[in-house]
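Each chain gets a letter, A, B and so on, in the order its sequence line appears, and its residues count up from 1.
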Amino acid sequence: MINIYNKIKKVLYDEVKEMLPIEIDMEEFYKEVIVERSREKKYGDLATNTAFVFSKRINKSPIDLAHQLSERLYFPGGEITEIVPSHPGFINFKLSNKFINSELIKILELKSRYGTNYTGKGKKINLEFVSSNPTGPLHVGHGRWAAFGDCLSNIFEANGYEVIKEYYINDAGTQVELLGKSVLARCREILNIPSEFPEGGYPGKYVYDIAETLIEKKGKDYFSYQADKIIKDICIQSTEIMMGRIKETLEMMGVKFDIWFNESELYKTGLFNQVIDSLEKKNFIYFKDDAKWFVSSKYGDDKDRVVIRKTGEPTYFGADIAYLKNKLNRGYDKNIYIWGSDHHGDVMRLKAVAKVLEKEPAKVEVIIGQFVNLISKGKPVRMSRRRGKFFTLRELLKELDKDVIRYFFVMKSLDTPLDFDLDLAKEKSMENPVYYIQYVHARIESILKKAKEKDIEIPSFDKINLDFISQPDEIALSKELIFYPFIIKKACQNRATHIITNYLENLAKIFHLFYTNCRVIVEDNSVTNSRMSLILATKQVIKNALKILGVSAPESM
RNA sequence: GCGCCUGUAGCUCAGUUGGAUAGAGCUACGGACUUCUAAUCCGUAGGUCGGGGGUUCGAGUCCCUCCAGGCGCGCCA
């Protein structure tokens, strides 16, 4: 399907070049001329702005040029049946039935591979997301990054890229130490050993859970030792227990990471010191006020940033430099970070690092997402880990179907804050569009089941017959189906998952209309065969798209 | 004060590098099951695209400015 866009452009280019008495640069032509789906379906399926692009240069009105050009265009392959100019200067193309049929056959032939392309062949992407600190459970907001990141990864893969999903664990900072102290205090509290809860410690209930797990593991006596003798071990153990919980929750969401990267590795391997030293030698890092600073202001950041504190401890940003170096060493073609909007200010400094380390800042890409607002009883719920009050992702998973949660998180642009209304999601979950789409799959399965009962042959792709597709609803459905590969490509280019959900909702609507107006199993065998082929194709596309979203395609509902 | 994001129907949102009469869903109201699942379909209603300027054949989209909201501007992570 994607080829037809290029084919049309090629025909347009050849014709424009021959027809117009001006110099035409090929590269510019391909950049400026657009072929897209027609907004006005009555004129055609695809449309181009070619006449607008050139009308000025030859001093002619767009509509006149569109008329002239339309008459000269010719497609020897027979893909296009009608070429009509329309006001104020578009040229519209109508796809031939022959072409549509050949595309539908591809769906049944390629099956799960339909819609994929080779754009990213041989290219490797590192996609880092969630990376929530191991100091507390994932909250609902993290669910957005999890669902989006996983879905984006699937989109990249459908476009031929190899993707490594990575989770960065901050297991080395003061936060982890504070968690350890909090856990120790809770352990002692449970065991009735006198202790004080650390100032600014984590007050959440989950700290008790970790404490209980730890007591079970270590035995009661362990906690009578002096704090400084066991605290380091407790920090490590607590982090491990917490990460175990986080992994479990992500798996409940259907999200699996390829690499779990520990920040502590950066120090253990000596990479951190190595990178800082090397940058210092090249004068990208300097010493001032007893601290070490990175010259990010020279690369677009508002100011220089501290990488090693007065105390000698690395800052989060300092670790990030070494971490990026580590990723770059691993040789990915692209390193993508998905961050919450609270980190947008850190983008410039990371790019500065990329420039300094690799001179190829394009290898680093940061996708910024807006937050999730949790709404309960019509009021926003303030989520704060420090105050220990938040709604966890796990709690949400207990109350709602995984499919609904994932769909909900990927259905909107990341640029938009997401209001997650708990009451609405719980009580009125049937209104969720995910069911509307899944229902298409279930309805098709139901027809197939019926066909089996009646001994009607379910056509394999070499036996399908689409010649009897002629009803408007059948044609509309067919056309929507064959645009699927274009959607996958577009979703990848824009890093936008909602393009797929929008497409699915529209496809589902068209299918349900088809279903209402056209019975599949009818007296006429030829019509039955055609429509069976059409619903098989629909089933395949729905299944493929839902797979990318990480949502199941149920046999019945 | 500076930076990023957002402002489109009553509500939630689409709207690819500027293009055709600005679209869906939900809600409201009115219709459609003797047939493959009514978790469906059809119809009606709903808009100064936050305000104001500018750029041009043409602006929801680009530029300027103002207003409103979210987030950031740490030797926190």
Looking across every strand, which nucleic acid part, if any, lies under 4.0 Å from [X] by heavy atom: base, sugar-phosphate, or nothing?
{"X": "A/S86", "result": "base"}
{"X": "A/K452", "result": "nothing"}
{"X": "A/I34", "result": "base"}
{"X": "A/S556", "result": "base"}
{"X": "A/E36", "result": "base"}
{"X": "A/K450", "result": "sugar-phosphate"}
{"X": "A/A451", "result": "nothing"}
{"X": "A/D289", "result": "base"}
{"X": "A/H512", "result": "sugar-phosphate"}
{"X": "A/K509", "result": "sugar-phosphate"}

Look at the side chain of [X] and decide which nucleotide, out of [options], has an atom nearest to it.
{"X": "A/K303", "options": "B/C75, B/U16, B/C73", "result": "B/C73"}
{"X": "A/H498", "options": "B/U40, B/C75, B/A14", "result": "B/A14"}
{"X": "A/R305", "options": "B/G74, B/G25, B/G60", "result": "B/G74"}

Problem - Whole-angstrom distance between B/U17 and B/G3, as gauged at atom C1' - result: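 B/U17 and B/G3 have their C1' atoms separated by 25 Å.
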
Problem - Short side-chain N/O contact from A/Y436 to OP1 or OP2 of B/A24, under 4.0 Å - result: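 Looking at the OP1 and OP2 atoms of B/A24, neither is under 4.0 Å from any side-chain N or O of A/Y436.
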
Practice task
May I ask you to evaluate whether A/S413 reaches the phosphate of B/C5, defined as a side-chain N or O under 4.0 Å from OP1 or OP2?
Solution key: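 So the side-chain polar atoms of A/S413 never come under 4.0 Å of the phosphate oxygens OP1 or OP2 of B/C5.
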
Handout entry: A/D415 CG to B/G69 C1', straight-line distance once rounded to whole Å
Key =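 Atom CG in A/D415 sits about 16 Å away from atom C1' in B/G69.
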
Practice task
Calculate the interatomic distance between A/R39 atom CZ and B/G18 atom C1'; express it in whole Å.
Solution key: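 Distance check: A/R39 CZ to B/G18 C1' gives 10 Å.
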
Exercise for the section: Please figure out whether A/G345 or A/Q370 has its closest RNA chain B nucleotide nearer the 5' end. Expected result: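 This one resolves to A/Q370.
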
Practice task
For A/E32 and for A/K288, find the nucleotide of RNA chain B with the closest heavy atom, then tell me which residue's nucleotide is more 5'.
Solution key: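 Nearer the 5' end of the strand: A/E32.
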
Problem - B/U16 base / A/K489 side chain donor-acceptor hit below 3.5 Å - result: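 It does not, because no donor-acceptor pair links the side chain of A/K489 to the base of B/U16 below 3.5 Å.
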
Problem - Donor/acceptor link under 3.5 angstrom from A/H343 side chain onto base of B/G72 - result: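 No, no donor-acceptor pair under 3.5 Å.
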
Side-chain donor/acceptor pairs under 3.5 Å, residues 342-352 of chain A, sequence neighbours excluded:
| residue | atom | partner | partner atom | Å |
| --- | --- | --- | --- | --- |
| A/H344 | ND1 | A/S341 | O | 2.8 |
| A/D346 | OD1 | A/R349 | NH2 | 3.4 |

Problem - 4.5 Å side-chain heavy-atom contact, A/T501 and A/P433 - result: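 With C-beta onward as the side chain, the pair stays apart.
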
Handout entry: Heavy-atom pair with the smallest gap, counting every atom of A/G200 and A/L178
Key =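 Taking A/G200 first and A/L178 second, the nearest heavy atoms are O-CD2, 3.1 Å.
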
Practice task
Mind jotting down which residue pairs meet the salt bridge (Lys or Arg N to Asp or Glu O under 4.0 Å) criterion with at least one end in residues 496-523 of chain A? Sequence neighbours excluded, please.
Solution key: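 Non-adjacent pairs meeting salt bridge (Lys or Arg N to Asp or Glu O under 4.0 Å): zero.
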
Practice task
With a 4.0 Å heavy-atom cut-off, tell me which residues in residues 515-527 of chain A come close to RNA chain B, sorted by residue number.
Solution key: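 Correct list: A/Y515, A/T516, A/C518, A/R519, A/V520, A/I521.
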
With [X] via ring pair (Phe, Tyr, Trp, His ring centres under 6.0 Å) - residues at least two apart:
{"X": "A/F148", "answer": "none"}
{"X": "A/H512", "answer": "A/Y436, A/Y439"}
{"X": "A/F261", "answer": "A/Y323"}
{"X": "A/F408", "answer": "A/F420"}

Exercise for the section: Evaluate the criterion salt bridge (charged side-chain N to carboxylate O under 4.0 Å, His left out) for residue pair A/R37 and A/E480; output intermediate values, then yes/no. Expected result: CA-CA 11 Å; A/R37 285 191 84 172; A/E480 195 62 27; 3.2 Å; yes

Problem - Qualifying residues under side chain to side chain contact (heavy atoms under 4.5 Å, CB included), relative to A/S526, sequence neighbours excluded - result: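 Checked A/S526 against side chain to side chain contact (heavy atoms under 4.5 Å, CB included); matches are A/F468, A/D524.
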
Mind listing the side-chain donor-acceptor pairs of residues 532-540 of chain A below 3.5 Å, one per line with the distance, residues two or more places apart or on another chain?
| residue | atom | partner | partner atom | Å |
| --- | --- | --- | --- | --- |
| A/S533 | OG | A/N529 | O | 2.9 |
| A/T538 | OG1 | A/L534 | O | 2.8 |
| A/K539 | NZ | A/E445 | OE2 | 3.0 |
| A/Q540 | NE2 | A/N544 | OD1 | 3.0 |

Problem - RNA chain B: stems of at least 3 consecutive Watson-Crick or G-U pairs whose donor-acceptor distances fall under 3.5 Å - result: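 Detected stem regions: B:1-7 with B:67-73, B:10-13 with B:23-26, B:28-32 with B:40-44, B:50-54 with B:62-66.
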
Look for any protein N or O under 3.5 Å of an N or O in nucleotides 9-12 of chain B and output each such pair with its distance, or none.
| residue | atom | partner | partner atom | Å |
| --- | --- | --- | --- | --- |
| B/U12 | O2' | A/K412 | NZ | 2.5 |

Protein and nucleotides 55-58 of chain B: nitrogen or oxygen contacts under 3.5 angstrom:
| residue | atom | partner | partner atom | Å |
| --- | --- | --- | --- | --- |
| B/C57 | OP1 | A/K56 | NZ | 3.2 |

Problem - From A/L179 atom CG to A/D171 atom CG, the distance as rounded to the nearest 0.5 Å - result: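 If I round to the nearest 0.5 Å, the distance is 12.0 Å.
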
